[in-house]
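Quick notes on the structure that follows.
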Amino acid sequence: MAPSLRALIRQYVPKRGSEVVALVSLSTTFFLFIHTRDLASRLAEVQQTAPSAEGYEEFQANEPAQQSGRHSGRQRLPGRDLSTAREEEYYGKLDPWELNNTRKAVKETLFFNRVPKVGSQTTMELLKSLSIKNNFHYHKDRTQKVETIKLTHSEERRLSTVVSKFEPPSVYIKHVCFSNFTKFGLPMPIYVNMVRDPVERVISWYYYVRAPWYFVERKRAFPDLPLPNPNWLRKDYETCVTTRDPECRYLPAQRKDGFGDHRRQTMFFCGHSDDCTGFNTEVAMKKAKENVERHYAVVGVLEELNKTLTVLEHYVPRFFKGALDVYWNEVHIFSKINRNIYKPPVAEEVKDIVRKNFTRELEFFDFCKQRLHKQYLALNLDKKPRIP
């Protein structure tokens, strides 16, 4: 072989197999980059008319209620049709004063420790609009590479101190578990949150993190994050459940699942103790119920948005005055855009399989719904009593 040809081969052909692998990896990364750049371009077009990605499909669950309540482009205030005679008879006479934890507040600071995939992104947009109309300060946590919802004792103290230092009236929004500020000698904020059917919520999360815009936005914010495995992206939820994939087994009392899907809705209301981390446990559910009853002004329900907004308006008027009008005239326009077109329907039989492992999560969800209904019925809106 001619010396010049040998030199050429040495220059352009790798000597070791590891170098071949490196070249293949580099090529794959390049093609994924091209694909991601295309997705990012498409995302930018969508974002010209939409807010951030998290809200893209959150409010699909409310579509029937939205359609039934729409009138001449405006949403009618919900009336007695949202309650039932059976509920009124069962609960008897309800006192809105006793059901209103806002009265306990010594400081006008609202803490929305938002649960993911329950309409929290749109609720944030609502609060942002209301902050201008109702003249309060709006604060939110920055986007993080790794969302830490369970804090150490010192981190919990630091968070409580930060929230307490906001000049009232203020609202603070963050994905984090409930904290009792009084154990640090600080006044409690006015807590509000939202919940959603726990099975529908984990399905929503499953497809949300697989939507192209999600990892494009994450990659844009944190360039060193690895791109997801294509096989993982293509995995559908029904197959994940029926094949008993670890991602979709939802094992009772499991403390660490490694999937970051926030399957423990109760954990956001239970707190930061280790007892709160076990999935679908009795102790976490009971503590979550106790905290809601004692410390939360309102816990709304995504599937009952009209009722939620009405209760928020009446029980936390300093921050939510005019919430219904603002939502339907301003924020609601995003609900048509914010849909995850990559989320296919899931068969009820598959949901029933999942529900068997969500018994206490479902019980907590029903508890929150019942409490919201009681707060709504106590208003007796036909007579429109004054709420302190």
Side-chain angles (χ1 to χ4, degrees), residues 54 57-58 60-62 112-120 123 147 149-150 175-178 191-209 237-238 240-242 244-296 298-305 307-308 343 346-374:
E54 183 179 336
E57 56 78 51
E58 287 180 331
Q60 293 182 75
N62 284 303
F112 176 30
N113 66 313
R114 63 186 188 121
V115 178
K117 308 313 298 168
V118 298
S120 62
T123 307
E147 198 77 59
I149 63 170
K150 181 180 182 296
H175 285 307
V176 70
C177 296
F178 167 83
Y191 268 103
V192 296
N193 215 325
M194 296 281 293
V195 292
R196 179 182 189 175
D197 179 290
V199 174
E200 297 294 342
R201 180 173 162 271
V202 293
I203 295 171
S204 176
W205 178 269
Y206 182 91
Y207 284 110
Y208 167 63
V209 294
Y237 189 75
E238 292 186 351
C240 186
V241 171
T242 55
R244 297 178 61 80
D245 188 295
E247 186 177 1
C248 301
R249 291 188 67 186
Y250 311 113
L251 298 176
Q254 190 174 36
R255 293 181 181 272
K256 294 183 179 180
D257 47 63
F259 298 106
D261 55 10
H262 301 296
R263 62 189 64 184
R264 302 162 181 80
Q265 188 164 231
T266 54
M267 185 174 170
F268 283 83
F269 301 88
C270 178
H272 302 274
S273 72
D274 290 340
D275 287 341
C276 295
T277 59
F279 172 66
N280 200 50
T281 64
E282 182 83 11
V283 64
M285 179 195 69
K286 286 184 175 180
K287 187 61 178 177
K289 285 183 178 182
E290 178 186 323
N291 285 336
V292 167
E293 198 65 47
R294 290 185 177 181
H295 303 296
Y296 279 81
V298 177
V299 175
V301 177
L302 176 63
E303 290 85 350
E304 299 189 42
L305 184 60
K307 187 177 293 186
T308 294
K343 179 188 172 188
V346 176
E348 285 301 317
E349 309 85 75
V350 174
K351 293 179 184 179
D352 287 340
I353 294 172
V354 177
R355 286 190 183 104
K356 293 177 181 178
N357 280 8
F358 276 76
T359 52
R360 293 181 179 92
E361 289 285 337
L362 285 163
E363 183 178 338
F364 174 72
F365 173 66
D366 288 338
F367 165 82
C368 292
K369 280 204 301 183
Q370 182 186 65
R371 183 174 185 263
L372 181 72
H373 290 185
K374 288 168 67 176

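The model shown is predicted, which means the values in this text are computed figures rather than measured ones. The figures here come from the full heavy-atom set of this structure, side chains too, leaving out hydrogens, waters and symmetry mates.
- Annotation: the span from Ile149 atom CD1 to Asn113 atom CG amounts to 10.0 Å, rounded to 0.5 Å.
- Side-chain atoms of Asn193 come within 3.5 Å of backbone atoms of Val115 as a donor-acceptor pair (strictly under, hydrogens ignored).
- Two residues are said to be in side-chain contact when any heavy atoms from C-beta on lie closer than 4.5 Å; Lys117 and Ser204 meet this criterion.
- In this pair, Phe358 and Tyr250 present their aromatic rings perpendicular. The plane angle is above 60°, beyond the 30 to 60° band.
- Using a 4.5 Å heavy-atom cutoff, the side chains of Leu302 and Val195 are not in contact.
- When all heavy atoms are compared, the tightest approach of Lys343 to Ile203 is CE-CG2, 4.2 Å.
- In terms of modelled atom types and a separation under 3.5 Å, the side chain of Asn291 and the main chain of Tyr296 share no donor-acceptor contact.
- Between Glu200 and Lys351 there is a salt bridge, with a side-chain nitrogen of the basic residue lying less than 4.0 Å from a carboxylate oxygen of the acidic one.
- A distance of 9.0 Å separates CZ of Arg114 from OG1 of Thr123, quoted to the nearest 0.5 Å.
- Minimum heavy-atom separation, Pro252 to Asn357: CD-ND2, 4.2 Å.
- Contact check on Glu290 versus Lys286 returns no salt bridge, with no Lys/Arg side-chain nitrogen under 4.0 Å from an Asp/Glu carboxylate oxygen.
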inquiry  = Determine whether Val301 and Lys307 satisfy the following criterion, side-chain contact (heavy atoms from CB on, under 4.5 Å), listing intermediate values before the conclusion.
reply    = CA-CA 8 Å; Val301 177; Lys307 187 177 293 186; over 6 Å; no

task = Would you sort out whether Ser273 and Lys150 count as a side-chain contact (heavy atoms from CB on, under 4.5 Å), showing the intermediate values?
result = CA-CA 8 Å; Ser273 72; Lys150 181 180 182 296; over 6 Å; no

ask   = Run the side-chain contact (heavy atoms from CB on, under 4.5 Å) check on Met285 and Glu282 step by step: do they pass?
value = CA-CA 5 Å; Met285 179 195 69; Glu282 182 83 11; 3.8 Å; yes

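- If you take CE on Met194 and SG on Cys368, they are separated by 11.0 Å, rounding to the nearest 0.5 Å.
- A heavy-atom distance below 4.5 Å is not found between the side chains of Arg263 and Trp205.
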inquiry  = Checking Val192 against Val299 for the side-chain contact (heavy atoms from CB on, under 4.5 Å) test, could you report, in this order, the C-alpha distance in whole Å, the side-chain angles of both residues, the deciding distance, and whether it holds?
reply    = CA-CA 6 Å; Val192 296; Val299 175; over 6 Å; no

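- With rounding to the nearest 0.5 angstrom, the CZ atom of Arg360 is 6.0 Å from the CG atom of Asn280.
- Summarising the geometry, atom OH belonging to Tyr206 is positioned 10.5 Å from atom CD belonging to Glu238; distances are rounded to the nearest 0.5 Å.
- Thr242 contributes atom OG1, which lies 7.0 Å from atom CD1 of Ile353 (distance to the nearest 0.5 angstrom).
- Between Phe178 and Tyr191, the ring planes lie tilted relative to each other; the angle falls in the 30° to 60° range.
- Glu304 contributes no side-chain N or O that, together with a main-chain N or O of Lys369, makes up a donor-acceptor pair within less than 3.5 Å.
- Side chains of Val176 and His272 form a contact here, defined as non-hydrogen atoms less than 4.5 Å apart.
- A salt bridge links Glu348 with Arg355: the closest approach of a Lys/Arg side-chain nitrogen to an acidic carboxylate oxygen falls below 4.0 angstrom.
- Panel note: side chain Tyr237, backbone Val202; no donor-acceptor pair is recorded below 3.5 Å.
- Cysteines Cys270 and Cys276 have SG atoms closer than 2.5 angstrom.
- Remark: of the listed residues Phe365, Phe367, Phe364, Phe364 is the sole one forming a ring-ring contact (aromatic ring centres under 6.0 Å, His included) with Phe269.
- Ion pairing between Glu363 and Lys289 holds under the 4.0 Å rule for side-chain N and carboxylate O.
- Gly278 approaches Arg264 most closely through the heavy-atom pair C-NE, 4.1 Å.
- By the 4.5 Å heavy-atom criterion applied to side chains, Lys287 and Asp275 are not counted as neighbours.
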